[in-house]
Amino acid sequence: MIENLNNRERSHSCGALRKENVGERVTLMGWCARRRDFGPLTFIDLRDRDGITQIVVNQEKSPAAHAKAKEVRGEYVLAAIGEVVLRDENARNPKLATGDAEVQATEIVILNDARTLPFQLDASDESLAAEDLRLKYRYLDLRRPQLQANLRLRHRMILEINRYMDQQGFTQIETPNLIKSTPEGARDYIVPSRVQPGRFFALPQSPQIFKQICMIAGLDKYYQIARCFRDEDLRADRQPEFSQLDVEMSFATPDQIYELVEGLFARIFELIDVELATPFPRFSFADVMRRFGSDKPDLRIEGMELRDLSASLAETAFAPYASILSARGEIKGIVVIGGASMSRKTLDELQEFAKRYGAGALAWIKLGDELSSSLLKALGHDTLVDLAGVAGAQKGDAVLIVAGKSDVVAASLGALRNEIARREKLIPANVFAPLWVTDFPMFEFHEDDGRYYSMHHPFTSPHDEDLPVFERAVNGETELFSQIRAKAYDAVINGVEVAGGSIRIHRRDVQQLVFKALGMTEEMARARFGFFLEALSYGTPPHGGIASGIERTLMVLVPTENIRDVMAFPKTASAQDLMIDAPGEVDAKQLEELHLKIVKG
RNA sequence: GGAGUCGUAGUUCAGUUGGUUAGAACGCCGGCCUGUCACGUCGGAGGUCGCGGGUUCGAAUCCCGUCGGCUCCGCCA
């Protein structure tokens, strides 16, 4: 029977009781995680966010409480009132923090009952219920201690960020969520205006413009933990709405930003008792792409760096390679230590893996007792020995080779490096390898519409010494665009991009040059960013900043591969909330007020 | 937009070459049990094999379509 709470007050959490509490009369409240029934003796594992305490109910000592305990089922909400008793030496449970003691209940109050749950909360990782079911019943899934721990870590991280940013002299400033759609970048989430027919707000992809406006306003050091919205297809580490620590400071050099962020991450990692070495090593974008095939390399993986084999094959008669090289492509390889024992099946799987990234094929050389290779007929024994040597392979190793356009070679070998490390368990646990990637290219070329786009965003400053080249590029020498470096930087930990930012353009003329480079006429630029160009002309200080993904960082801390593990109420890969069933339809009256009509697709 | 993969009891899964009554574990319900802590033990209930169509004497199994979850590519400044 369900009873009222009345004036009963909880005295301790379910994770609190220790030997020292023995003899105290306590009142615990929580959920029945498990009940073990021995007839006249019943045990209840009472759970709350802090832990589990064993409640003992003895029929002889407390018949009324025992009768209540018999009624209890899984996830019933209870108050257990009784005395803390020391467990017998041989009856202690070292798995529980409270395992030396237990509560001898004199009273059990059933505060609420519960239907049988749609899935079990105490399942092992392998037998965890399907994620869609858990998302539908998110309030049940969140009862699991692991998810609760993740959310509490998130809370402590955000507290630490606020404390640190305050100590560093930053002011927390909120920026609006109902803003204006700007082209470029991700797709916007759009909000129709009722008051302004036919007009729409957009939710911010990031507070970029506003943070810069704060600098123009002389606020000097801004930060906030901002909600960002991007209507793009999702991934294991992406959600349509997410949080980022957004930072901007005036008169900033990149070094000052690095130092600020390194200090912050050092503090954050203290939360998991990890001392993060600072300063982080720095690599240019060109270097990490050349050596690791990725702009976010996982430096926990030793070696397996990309080796350029193009020079050794410059004179090759093998037509596929010759044509790739003549088309300014590359041939690169990575060495898999001990890889000579890889089976044909494994190599086929790795080839399939590489093809996802556009690789035409994955060639291999195995240095077993005898050299074997998929290229034996094409290149001959001697060339292969030479290539293996250039790649740095030893006896017993294998070389995996991809030929093609440089971005395909980098992407496929870079991904292979991670994949092989994962398969071969070459990634050490509890190791954290941070780095800075600097000097990103200012622009990247998009094949589909044949023009250049900002790699970071259109407000990123080019390197001062690249300005003359930039001007030439804008004035017709478009092939120079790819040479211009931006004052942009990413912080990477364990192969995860945890922060990214740049020094911004503070000069109106340079900003206009970038808009022109992006194919905007002066009229277009004025229409889209006129207010901003105007703002730039009223004394804008040099400034720069960075943004750090809260969820990404938490994923590294936890650690987990699933962003939904570090958010309370995430959406599915198709951007739905299965609990509240969003997005939903709205009624005709709402549509009418918003001046909207649904057109069937 | 494309690809892969999964969908069978409340849950996690098994289910052979298409063939008798679709199984196991956990959970659930009931009995027994005074030191368990993943309690044990005895018994029981529980199935639109995601959905629709097709092939077949016969479909969880084969084919087509469709829906949903997850992952990846594209995309995400």
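Each chain gets a letter, A, B and so on, in the order its sequence line appears, and its residues count up from 1.
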Query raised in the report: Whole Å only: how far is the CG atom of A:Asn90 from the P atom of B:rU36?
Result: 7 Å

Query raised in the report: Is there a Watson-Crick or G-U wobble partner for B:rA25 with both distances under 3.5 Å, and if so, which one is it?
Result: B:rU11

**Report entry** P-based separation of B:rG43 from B:rA24 [nearest Å]
**Finding:** 13 Å

Query raised in the report: Any side-chain heavy-atom pair from A:Glu248 and A:Pro207 closer than 4.5 angstrom?
Result: no

Query raised in the report: In the strands shown, is B:rU71 matched to any nucleotide by a Watson-Crick or G-U wobble pair with both distances under 3.5 Å, and which?
Result: B:rA3

Report summary line: Rounded to whole Å, the CZ-P distance (A:Arg34 to B:rC37) equals 11 Å

Query raised in the report: Of the nucleotides B:rU11, B:rC70, B:rC39, which has the atom closest to the A:Gln120 side chain?
Result: B:rU11

Query raised in the report: Over how many whole Å does the gap from A:Glu102 atom CD to B:rC37 atom P extend?
Result: 13 Å

Report task. Output yes when at least one side-chain N/O atom of A:Arg36 is less than 4.0 Å from OP1 or OP2 of B:rC39, else no. Result -> yes

**Report entry** Any donor-acceptor N/O pair under 3.5 Å between B:rC72 base and A:Arg356 side chain
**Finding:** no

Query raised in the report: Are any non-hydrogen side-chain atoms of A:Ile580 and A:Phe569 less than 4.5 angstrom apart?
Result: no

Query raised in the report: Can A:Phe43 be classed as stacking with the base of B:rU36, given a centroid separation cut-off of 5.5 Å and a plane angle cut-off of 30°?
Result: yes

**Report entry** B:rC70 base / A:Arg564 side chain donor-acceptor hit below 3.5 Å
**Finding:** no

Query raised in the report: Which nucleotide sits closest to the side chain of A:Thr116: B:rU12, B:rC28, B:rG35?
Result: B:rC28

Requested in this report: For A:Arg235, answer base if it contacts any base atom (sugar-phosphate contacts may also be present), sugar-phosphate if it contacts only those atoms, and nothing otherwise; contact means non-hydrogen atoms under 4.0 Å.
Outcome: base

Query raised in the report: What is the base-pairing partner of B:rG52, counting Watson-Crick and G-U wobble geometry with both distances under 3.5 Å?
Result: B:rC64

Query - Whichever of A:Val56 and A:Glu444 has its nearest RNA chain B nucleotide further upstream toward 5' - result: A:Val56

Report task. Classify the angle between the aromatic ring planes of A:Phe285 and A:Phe440 as parallel (below 30°), tilted (30 to 60°) or perpendicular (above 60°). Result -> tilted

Query raised in the report: How are the rings of A:Phe470 and A:Phe443 set to each other: parallel, tilted or perpendicular (split at 30° and 60°)?
Result: tilted

Query raised in the report: Is there side-chain contact between A:Ile301 and A:Ile427, with heavy atoms separated by less than 4.5 Å?
Result: yes

**Report entry** Min side-chain heavy-atom separation A:Asn93-A:Arg87 under 4.5 Å
**Finding:** yes

Requested in this report: Name the orientation class of the two ring planes belonging to A:Phe353 and A:Tyr357 (parallel below 30°, tilted from 30 to 60°, perpendicular beyond 60°).
Outcome: tilted

Query raised in the report: Looking for any heavy atom pair under 4.0 Å, which part of the strands does A:Ile52 touch: base, sugar-phosphate only, or nothing?
Result: nothing

Report summary line: Partner of B:rU41 under the Watson-Crick or G-U wobble criteria, both distances under 3.5 Å, comes out as B:rG31

Query raised in the report: Has the side chain of A:Asp37 got a donor or acceptor atom sitting under 3.5 Å from an opposite partner on the base of B:rC33?
Result: yes

Requested in this report: Please work out if A:Ala91 contacts a base, only the sugar-phosphate, or nothing of the nucleic acid, heavy-atom cut-off 4.0 Å.
Outcome: base

**Report entry** Atom-to-atom span, CZ of A:Arg134 to P of B:rC70 - whole angstrom
**Finding:** 10 Å

Query - Whole-Å distance separating the CD atom of A:Glu419 from the P atom of B:rC72 - result: 11 Å

Query raised in the report: Is a donor-acceptor contact shorter than 3.5 angstrom present between the side chain of A:Arg35 and the base of B:rU36?
Result: no

Report summary line: To the nearest angstrom, the CD-P distance between A:Glu126 and B:rC6 comes to 19 Å

Report task. Check whether any side-chain N or O of A:Arg230 sits under 4.0 Å from OP1 or OP2 of B:rC75, and answer yes or no. Result -> no

Query raised in the report: When rounded to the nearest Å, what value does the distance between P atoms of B:rU20 and B:rA59 take?
Result: 12 Å

Distances for protein N or O near nucleotides 65-68 of chain B N or O, under 3.5 Å:
none

Requested in this report: Check the distance between B:rU11's P and A:Arg115's CZ and give it to me in whole angstrom.
Outcome: 13 Å

Query raised in the report: Looking for any heavy atom pair under 4.0 Å, which part of the strands does A:Pro40 touch: base, sugar-phosphate only, or nothing?
Result: base

Query raised in the report: Looking at side-chain heavy atoms only, is the closest gap between A:Val261 and A:Val247 below 4.5 Å?
Result: no

Report task. Take the angle between the ring planes of A:Phe459 and A:Phe529 and call it parallel below 30°, perpendicular above 60°, tilted in between. Result -> perpendicular

**Report entry** Between P of B:rC37 and CG of A:Leu96, the distance in whole Å
**Finding:** 12 Å

Requested in this report: Under 4.0 Å between any heavy atoms, over every strand shown, what does A:Phe459 touch: base, sugar-phosphate, or nothing? Just pick one.
Outcome: nothing

Query raised in the report: Hey, does the side chain of A:Arg73 come within less than 4.0 Å of B:rC29's phosphate (OP1/OP2), counting only N and O?
Result: yes

Query raised in the report: Tell me, do A:Thr175 and A:Asp246 make a side-chain contact under 4.5 Å, heavy atoms counted?
Result: no

Query raised in the report: Among B:rC33, B:rC70, B:rC76, which is the nearest nucleotide to the side chain of A:Leu135?
Result: B:rC70

Query raised in the report: Taking for each residue the nucleotide of RNA chain B bearing the nearest heavy atom, is the 5' side occupied by A:Ala236 or by A:Ser206?
Result: A:Ala236

**Report entry** C1'-based separation of B:rG68 from B:rU8 [nearest Å]
**Finding:** 16 Å

Query raised in the report: Contact class for A:Asn58 (heavy atom, under 4.0 Å): base, sugar-phosphate, or nothing?
Result: base

Query raised in the report: Which part of the nucleic acid does A:Gln59 contact within heavy-atom distance under 4.0 Å: base, sugar-phosphate only, or nothing?
Result: nothing

Query - Given B:rU12, B:rG1, B:rG35, the nucleotide with the shortest approach to the side chain of A:Ala130 - result: B:rU12

Query - Sugar-phosphate only, base, or nothing, as touched by A:Leu234 at under 4.0 Å among non-hydrogen atoms - result: nothing

